[in-house]
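The shown structure was predicted, so the numbers you read here are calculated from the model rather than taken from an experiment. These numbers come from the heavy atoms of this one structure, side chains and all, not from hydrogens, waters or symmetry mates. Lettering follows sequence order; numbering is per chain, from 1.
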Number of protein chains: 2
Amino acid sequence: MTTMTSPPATASAAPAASSAASSGSSAASLPAAGTQPPEAVEARVRILDNAARLILDKGFAATSMRDIASAVGIKAGSLYHHFASKEEIFTAILERGIDVMVTAFESVENDDRAGAFDGATSAEALLRAHVRAHLGSLFEFGPYTAAHVTTFHNAPDSVHEIIVPRRDSYEAMWAALFDRLQAQGSLRVDHLSIARLVLFGGMNSTIEWFDPAGPLSLDDLADTIVSQFWHAGGHA
Amino acid sequence: MTTMTSPPATASAAPAASSAASSGSSAASLPAAGTQPPEAVEARVRILDNAARLILDKGFAATSMRDIASAVGIKAGSLYHHFASKEEIFTAILERGIDVMVTAFESVENDDRAGAFDGATSAEALLRAHVRAHLGSLFEFGPYTAAHVTTFHNAPDSVHEIIVPRRDSYEAMWAALFDRLQAQGSLRVDHLSIARLVLFGGMNSTIEWFDPAGPLSLDDLADTIVSQFWHAGGHA
DNA sequence: GTCTATACCTAGATAGAC
DNA sequence: GTCTATCTAGGTATAGAC
């Protein structure tokens, strides 16, 4: 029944397992929660929250350090006590956007391993849970994933080099999921990766038009998208 | 058999029916081809072609007037002989991106009215032709539509105000198509507009991952997308 | 950790010669 | 129609006081 563990509403503490300090090229192995002075961590997060919101709205290049500082309530120069450059802020935001998605995906995988999707319609239910989790990343955990989706394409090359490998590993999770569904016969499509990428594009496009405060819930939206993908609607 | 009239390969002359001079707020009614001195028109197009490519690659804010001028082979100041501002260039690009899509859509509509989609599988064939036409707008008529799709979200408000009505009218064409398919029973989905928007998002996402020079043709891609949408692939 | 002050640069845009 | 030269504003980033 429980398709997802319910994570904190603010992105600040969302990827509790994997992020914490993912700024530059420092420790890639996950640091314990108390490794950084707690005050410093909170300042970083406050900056990232505000910066991600601005970057989602206006794009990276159009968002100035003064804009970010003003949103946080400090002066532009003070930002450089927490981040070495504007690009480092941007990179941290894009990374966190991925962390949110990965955490959501893994949460569904854990439910799956716990047997949450046994039964006749298990494959469709599993896919629905993953779609719901991805939509949750876009709408329920701050502007990080949404900012990632809308601004990655135009990010500078130096940022791409850092982000692409992480993106790829999230994509690989979905590719493995699709492989598994296809292998067990639950899914039968001609071009598996195209089906996956088109579904992905459809999901990500929701940030352009879906209003989570509207009549349709995110559960409903996930239902609709997966039903369409799974059963389709064409007749003659 | 002819699903689309084959338009010129370069976007320069693509929307022959509707654009020509769509820069500022001048004549909205279509001017004859000879209204503008032909030299002036070509200079504008050369600027727009290069600017659209740069804006597709780097985004609007990250593309400078000096970048554009350098790509064209002139100096930045000279651009202001053809356009009043950077925003006017951007607006013209986004408008042309829509014109390309509208022209492609109308071309399919004309084929339809000429009886090109009669027969048993007419509805699916019609949808496939429209999907193919939209993909053609993204990949075959210069960077205008692709630039539109990737940069519209972060465009400044002043640009949004001009572009949104035109976007809406293109969307209305698709909405009417879906209404018609649903009304005649060829399409049976619960949430018609969501099905349309998700399909749209899937199509537009192709610019992020599809390589038209690869093994799969745009015809193949349209087939795959529509087959998935129409017949789906879920089994238990 | 935040401030002020500022260095340095690049941006969009204009003026006037050619 | 394009050029050079230039104006002004705003950008990122740094230095050092508090």
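Per the geometry, NE2 belonging to H81(B) stands 17 Å off P belonging to dA13(C), to the nearest Å. Rounded to an integer number of Å, the gap from R46(B) CZ to dG1(D) P is 10 Å. For the pair F90(B) CZ and dA11(C) P, the computed distance is 17 Å after rounding to whole Å. Atom P of nucleotide dG1(D) and atom CD1 of I74(B) are separated by 11 Å, given to the nearest angstrom.
Every pair passing ring-ring contact (aromatic ring centres under 6.0 Å, His included) that includes a residue from residues 53-80 of chain A is listed here, sequence neighbours excluded: F60(A)-F90(A).
You'll find the side chain of W174(A) reaches within 4.5 Å of the side chain of H130(A), heavy atoms only.
Within residues 50-59 of chain B, no residue has a heavy atom under 4.0 Å from DNA chain D.
In terms of the side-chain hydrogen bond (donor to acceptor under 3.5 Å, both in side chains) criterion, R53(B) has no residue partners (sequence neighbours excluded). Residues forming a side-chain hydrogen bond (donor to acceptor under 3.5 Å, both in side chains) with D220(B) (at least two apart in sequence, or on another chain): S217(B). Partners of H148(A) according to the side-chain hydrogen bond (donor to acceptor under 3.5 Å, both in side chains) rule, which considers only residues two or more places apart in sequence or in another chain, are R167(A).
Look at R166(B) and E171(B) and you find no salt bridge, because none of the NZ, NE, NH1 or NH2 atoms lies under 4.0 Å from a carboxylate O.
R44(B) approaches H82(B) most closely through the heavy-atom pair NH1-O, 3.6 Å.
Residues D99(B) and Y144(B) bring no donor and acceptor atom of their side chains to less than 3.5 Å of each other.
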Counting primed atoms, P, OP1 and OP2 as sugar-phosphate and everything else as base, the B/S/- map of nucleotides 4-18 of chain D against protein heavy atoms under 4.0 Å is B------BBBB----

